[in-house]
Amino acid sequence: MPDSSPSAPYALSDRFQNIVAVARSALGDRLQADALADSLGVPNLGVVRPRDIRDFPVLLFLDEQGLGLQMTGKGAPGPVRAEFVTGKMGYRREHGGGAGQLVAKAVGLQKTRAALHVVDATAGLGQDAFVLASLGCTVTLFERNPVIHALLADGLARAALNVDCAAIVERMRLLEGSSIEWLARSGTEAADVVYLDPMFPHRDKSALVKKEMQVFRTIVGDDEDSAQLLAAALERARYRVVVKRPRKASAIEGAEPTTRIEGKSSRYDVYAIRALPPQ
């Protein structure tokens with residue numbers, strides 16, 4: 001089950017205090033905005049137009065469509081949301097190709113009929129986790145950045161109200177905090193598969209074209225502890241660890257992948273621990 005709270009339950013670090021604020025449109029939920037600003041410890045600007053804001057580069061902006069991460073200023077792209085019902089994820093849910101999708105192959109869903117428990121240790125907006133849950137996996141999600149956590153919690157809460165998505169969201173559990181710490185506290189074989197999709201330093205400026213990447217860079221930065229996370233995942237996964245990377249990027253420092261599954265723009269490095277159960 002997802003965290004039912006619409007906001008992240010832990011505050012932003014000091015370095016974000018002058019970067020992000022909470023605001024809403026006239027149709028945005030005032031109580032949700034108030035609770036979110038209090039939870040994160042950031043200013044609540046009330047009803048504003050993002051294009052008119054200059055003091056904060058990014059807003060957590062509530063409107064009639066839910067919570068979005070909105071860059072400010074004239075000409076800024078539209079909001080980034082965790083959206084599972086409509087748009088790209090809605091289309092993918094209906095026409096995505098099932099277990100033939102690359103992420104499903106990487107996790108091993110074509111090799112087993114077992115209902116796998118996947119820990120998505122760097123959940124982001126939860127898209128891959130939602131795909132895996134739609135294919136029958138139980139997914140535990142971690143997103144340690146409070147702003148992205150808030151977006152994901154809001155998206156899951158909205159999806160849980162949709163008749164086509166509710167059963168999928170039931171298989172997803174969003175937790176707060178660091179997945180590294182959770183893995184360290186867990187016993188061996190804490191999950192069947194641990195899935196990682198860490199942010200990393202980009203040198204290809206064309207990668208910044210996507211609005212998701214623009215705003216994520218402002219809020220998240222890079223995951224400097226990817227090697228530590230991979231090592232922790234390898235100690236706790238029962239069957240395999242899967243790491244999503246840009247197709248031409250180097251592997252995370254540490255153990256060498258057992259195999260790679262490549263797509264047009266990304267690839268999956270698979271670290272096999274033992275064979276998946278056939279049934």
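The figures that follow rest on heavy atoms only: side chains count, while hydrogens, waters and symmetry mates do not.
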Output for pair (Arg49 CZ, Ser25 OG), nearest 0.5 Å, gives 12.5 Å
Check your understanding: Any ion pair linking Asp225 and Arg144 (charged N to carboxylate O, less than 4.0 Å)?
Key -> yes
Rounded to the nearest 0.5 Å, the OH atom of Tyr268 sits from the CZ atom of Arg260 at a distance of 15.0 Å
With Leu60 as partner, the option from Asn44, Val147, Asp154 fulfilling side chain to side chain contact (heavy atoms under 4.5 Å, CB included) is Val147
Donor-acceptor check, side chain of Asp197 to backbone of Thr122, threshold 3.5 angstrom: yes or no? no
Interatomic distance, CZ@Arg173 vs OG1@Thr138, rounded to 0.5 Å, equals 11.5 Å
d(Leu125 CG, Phe84 CZ) to nearest 0.5 Å is 7.5 Å
Output, in order, the C-alpha distance, side-chain angles, deciding distance and verdict of side-chain contact (heavy atoms from CB on, under 4.5 Å) for Arg30 and Arg24. CA-CA 7 Å; Arg30 180 179 63 82; Arg24 61 186 176 91; 3.5 Å; yes
Notebook entry, point to check: Would you call Asp63 and Arg81 a salt bridge, taking side-chain N to carboxylate O under 4.0 Å as the test?
Noted result: yes
- Find out whether Val119 and Tyr195 are in side-chain contact, i.e. whether some heavy atom of one side chain is under 4.5 Å from a heavy atom of the other. no
Interatomic distance, CG@Leu69 vs CD1@Ile148, rounded to 0.5 Å, equals 5.5 Å
Exercise. Is Arg274 paired with Glu189 through a side-chain N to carboxylate O contact shorter than 4.0 Å?
Worked result: yes
Open item on the list: When you measure from the side chain of Ser179 to the backbone of Ala121, do you find a donor-acceptor pair of N or O atoms at a distance under 3.5 Å?
Closed with: yes
- prompt: Is it true that Asp128 and Lys244 make a salt bridge, defined as a side-chain N closer than 4.0 Å to a carboxylate O?
  reply: yes
Checking Val48, Val22, Leu45 against Phe61 for side chain to side chain contact (heavy atoms under 4.5 Å, CB included), the one that qualifies is Val48
Rounding to 0.5 Å, atoms CG (Asp55) and CD1 (Ile19) come to a distance of 13.5 Å
Are Leu196 and Leu229 side-chain neighbours, meaning at least one heavy-atom pair lies under 4.5 Å?
-> yes
Under 4.0 Å between a Lys/Arg side-chain N and an Asp/Glu carboxylate O for Arg267 and Glu262?
no
Please determine whether the number of non-hydrogen atoms from other residues, nucleotides or ligands lying under 6.0 Å from atom CD of Glu64 exceeds 12. yes
In short, Leu67 meets Ala150 closest at the heavy-atom pair CD2-O, 3.6 Å
**Report entry** Heavy-atom donor-acceptor pair, Ser39 side chain to Ala35 backbone, under 3.5 Å
**Finding:** no
